[in-house]
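The analysis underlying the following values was restricted to heavy atoms, covering all of them including side chains, and did not include hydrogens, waters or symmetry mates. For clarity, every value in this text was computed on a predicted model and none was experimentally measured.
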Amino acid sequence: MSGVRERIVGREPFGGHDGASGARLERARLDDGASVVLKSFDPSQDLTMRVSGRTVPLDVVLWQTGVLDRLPPGLGHAVLDAWQEDGVWVVAMRDLGGQLLSYDSVLSREECRGLLAPAVAMHDAFAGEDIDGLWSLEDRLSVFAPRVIGRFSDEASLAAWCLAGWERFADLAPADVVDLVAAVHVEPGRLARPLLRLGGRTLLHGDYWTPNLAPTPGGVVVIDWALATAGPPVVEFASFLVGCAGQVLARREEILDDLRELWGARSDETVLRLGLAVGVVEMGWNLAWHAARDPDAREPFDWWVAAARRAAETGLIT
């Protein structure tokens with residue numbers, strides 16, 4: 001569906017999405033009474049674009065090149081059109097209304113599996129394919145590294161929160177895990193190289209978290225492709241697990257068992273063990289921030305610290 005811009009008869013700002021990139025959201029009314037959501041990506045304000053140095057949002061790139069239209073059955077996207085207004089990209093999306101999940105959503109184990117299965121299908125569909133414009137795995141692993149996010153700590157609340165979290169991580173985590181994460185932040189290839197060698201490369205959404213997912217009877221619609229990455233599937237699910245496992249009425253080990261079953265013969269314990277280090281490299285700051293304030297948050301912090309140690313014991317992060 002293109003030509004949305006010409007059909008807009010009214011638009012107004014709204015909030016309500018759990019994202020923190022700095023993009024602006026509006027709801028627009030079309031000439032037939034339908035509504036769409038407009039997301040504006042200002043490269044001077046959008047944190048993801050500033051970190052990456054991009055001038056065109058990845059949502060636009062993947063839509064314009066037809067990648068989003070090649071997603072497998074069961075995994076949909078919401079992009080309808082895209083255009084520029086005074087140098088700012090505007091993406092028109094389906095208005096998913098109350099369909100989108102949030103950080104307050106609670107999922108059964110079966111509902112979680114229903115979200116993971118379409119992502120597995122996407123990874124299979126694009127396995128081995130080179131797609132222009134994606135984040136490299138090295139750059140994706142660096143997004144929350146202090147040397148990268150620190151450049152924006154004076155002007156972006158998320159960046160300042162992240163740096164403070166890493167300070168708490170250094171206080172709470174054992175020295176060997178602190179050193180491991182710091183080494184990957186400085187040289188992400190230490191982790192990216194073995195993951196790519198053993199786990200392959202495919203299209204990853206890169207931010208497959210509940211606020212970007214809208215369950216449907218046939219699968220899930222996914223929004224916000226700003227962190228789409230070329231990497232192994234385990235990276236997608238390590239990120240999901242560290243960000244969203246607390247919303248699932250199942251233990252992390254049970255979610256991992258479901259992933260193993262979805263992968264079938266492709267499941268590789270070494271890759272899984274290595275890939276879980278991504279959770280700490282990406283979100284160790286957030287885990288530590290919560291663990292320092294909430295005794296109940298110490299359990300996930302300790303679980304991920306142990307996972308990082310098991311990854312290091314493979315001897316592959318060099």
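- Taking CD from Gln45 and OG from Ser40, the interatomic distance works out to 12.0 Å, rounded to the nearest 0.5 Å.
- With a 4.5 Å cut-off on side-chain heavy atoms, His123 and Leu204 count as touching.
- Taking CG of Asp294 as the reference point, atom CZ of Phe301 lies at 13.5 Å (rounded to 0.5 Å).
- The pair Arg260-Asp257 meets the salt-bridge criterion, since a charged nitrogen lies less than 4.0 angstrom from a carboxylate oxygen.
- Two residues are said to be in side-chain contact when any heavy atoms from C-beta on lie closer than 4.5 Å; Asp59 and Phe41 meet this criterion.
- Between Arg309 and Asp176 a salt bridge is recorded (basic side-chain N to carboxylate O distance below 4.0 Å).
- Within the 4.5 Å cutoff, the side chain of Ser52 has no heavy atoms near those of the Asp139 side chain.
- Residue pairs that meet the salt bridge (charged side-chain N to carboxylate O under 4.0 Å, His left out) test with at least one member in residues 67-79, sequence neighbours left out, are Arg70-Glu129.
- The environment of CZ in Arg50 is crowded: more than 12 heavy-atom neighbours from other residues, nucleotides or ligands sit within 6.0 Å.
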*Take Leu38 and Ile8 through the test side chain to side chain contact (heavy atoms under 4.5 Å, CB included) and record every step on the way to the result.*
CA-CA 11 Å; Leu38 306 180; Ile8 294 175; 4.0 Å; yes
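- One distance of note links CZ of Arg113 with CD1 of Ile255; it measures 12.0 Å at 0.5 Å rounding.
- Between Leu115 and Pro215, some side-chain heavy-atom pair lies under the 4.5 Å cut-off.
- Closest approach of Val61 to Thr65, counting heavy atoms only: O-OG1, 2.7 Å.
- Formation of a donor-acceptor pair under 3.5 Å by the His205 side chain with backbone atoms of Asp224 is found in this model.
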*Tyr208 vs Val220, side chain to side chain contact (heavy atoms under 4.5 Å, CB included): CA-CA, chis, key distance, verdict*: CA-CA 11 Å; Tyr208 204 81; Val220 61; 3.5 Å; yes
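- Note on Val106: it does not cluster hydrophobically with Val242, by side-chain heavy-atom contacts below 4.5 Å among ILVMFWY residues.
- Atom CD of Glu12 is surrounded by 12 or fewer heavy atoms from other residues, nucleotides or ligands within 6.0 Å.
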*Could you go step by step and tell me if Glu253 and Trp303 meet the side chain to side chain donor-acceptor pair (under 3.5 Å) rule?*
CA-CA 11 Å; Glu253 288 78 7; Trp303 190 94; 2.7 Å; yes
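- Here the closest heavy-atom approach between residue Ala238 and residue Trp304 is recorded as O-CH2, 3.7 Å.
- Separation of atoms CG (Leu274) and CG (Leu191) is listed at 5.5 Å; rounding is to 0.5 Å.
- Contact check for Leu198 versus Asp268: no side-chain heavy atoms found under the 4.5 Å cut-off.
- No side-chain donor-acceptor contact under 3.5 Å links Thr318 and Arg193.
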*asked:* If you apply the rule side chain to side chain contact (heavy atoms under 4.5 Å, CB included), what do you find for Phe126 with Val67, and how did you get there?
replied: CA-CA 10 Å; Phe126 290 92; Val67 172; 4.0 Å; yes
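- Distance alone, capped at 3.5 Å, places no donor-acceptor pair between the His77 side chain and the Met93 backbone.
- Summarising the geometry of Arg147 relative to Pro188, their closest heavy-atom pair is NH2-CD, 3.7 Å, with the distance given to 0.1 Å.
- In this structure, CZ on Phe144 lies 6.0 Å from CE on Met283, to the nearest 0.5 angstrom.
- The shortest heavy-atom contact between Gly189 and Pro194 is O-CD, 3.9 Å.
- Other residues, nucleotides and ligands contribute only 12 or fewer heavy atoms inside 6.0 Å of the CZ atom of Arg29.
- In the displayed structure, Asp132 atom CG is contacted under 6.0 Å by at most 12 heavy atoms of other residues, nucleotides or ligands.
- Under the 4.5 Å side-chain criterion, counting only non-hydrogen atoms from C-beta, Phe169 is not in contact with Leu287.
- Between Trp161 and Trp289, the ring planes are perpendicular. Angles over 60° get that label, and only those under 30° would be called parallel.
- Follow the hydrophobic side-chain contacts under 4.5 Å out from Ile149 and you never reach Val186; the two are in separate clusters.
- Trp83 and Val88 end up in different hydrophobic clusters when Ile, Leu, Val, Met, Phe, Trp and Tyr side chains are linked at under 4.5 Å.
- Relative ring orientation between Trp166 and His185 is described as perpendicular, the plane-to-plane angle rising above 60° on a 0-90° scale split at 30° and 60°.
- Geometrically, Arg54 engages Trp135 in a cation-pi contact, judged by NZ or CZ lying under 6.0 Å from the ring centre and within 45° of the ring axis.
- Using a 4.5 Å cut-off on side-chain heavy atoms (C-beta onward), Glu111 and Leu249 make no contact.
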_Test side chain to side chain contact (heavy atoms under 4.5 Å, CB included) on Leu241 and Leu256; report intermediate values, then the result._
CA-CA 9 Å; Leu241 200 66; Leu256 290 173; 4.0 Å; yes
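- A pairwise comparison of heavy atoms in Val51 and Arg151 identifies O-NH2, 3.9 Å as the closest pair.
- Note that CZ of Arg201 and CG of Leu196 are 5.0 Å apart. Values are rounded to the nearest 0.5 Å.
- At a threshold of 4.5 Å between non-hydrogen side-chain atoms, the residues Val278 and Leu195 count as touching.
- For Trp209 (side chain) and Ser239 (main-chain N/O), a donor-acceptor pair under 3.5 Å exists by modelled atom type.
- Residues Arg24 and Asp42 are not paired through a salt bridge, judged by the lack of any N-O separation under 4.0 Å between the basic side chain and the carboxylate.
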*Check step by step if salt bridge (charged side-chain N to carboxylate O under 4.0 Å, His left out) holds for Glu269 and Arg310.*
CA-CA 11 Å; Glu269 288 302 309; Arg310 287 192 295 272; over 6 Å; no
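- The shortest heavy-atom contact between Thr229 and Leu227 is OG1-O, 2.6 Å.
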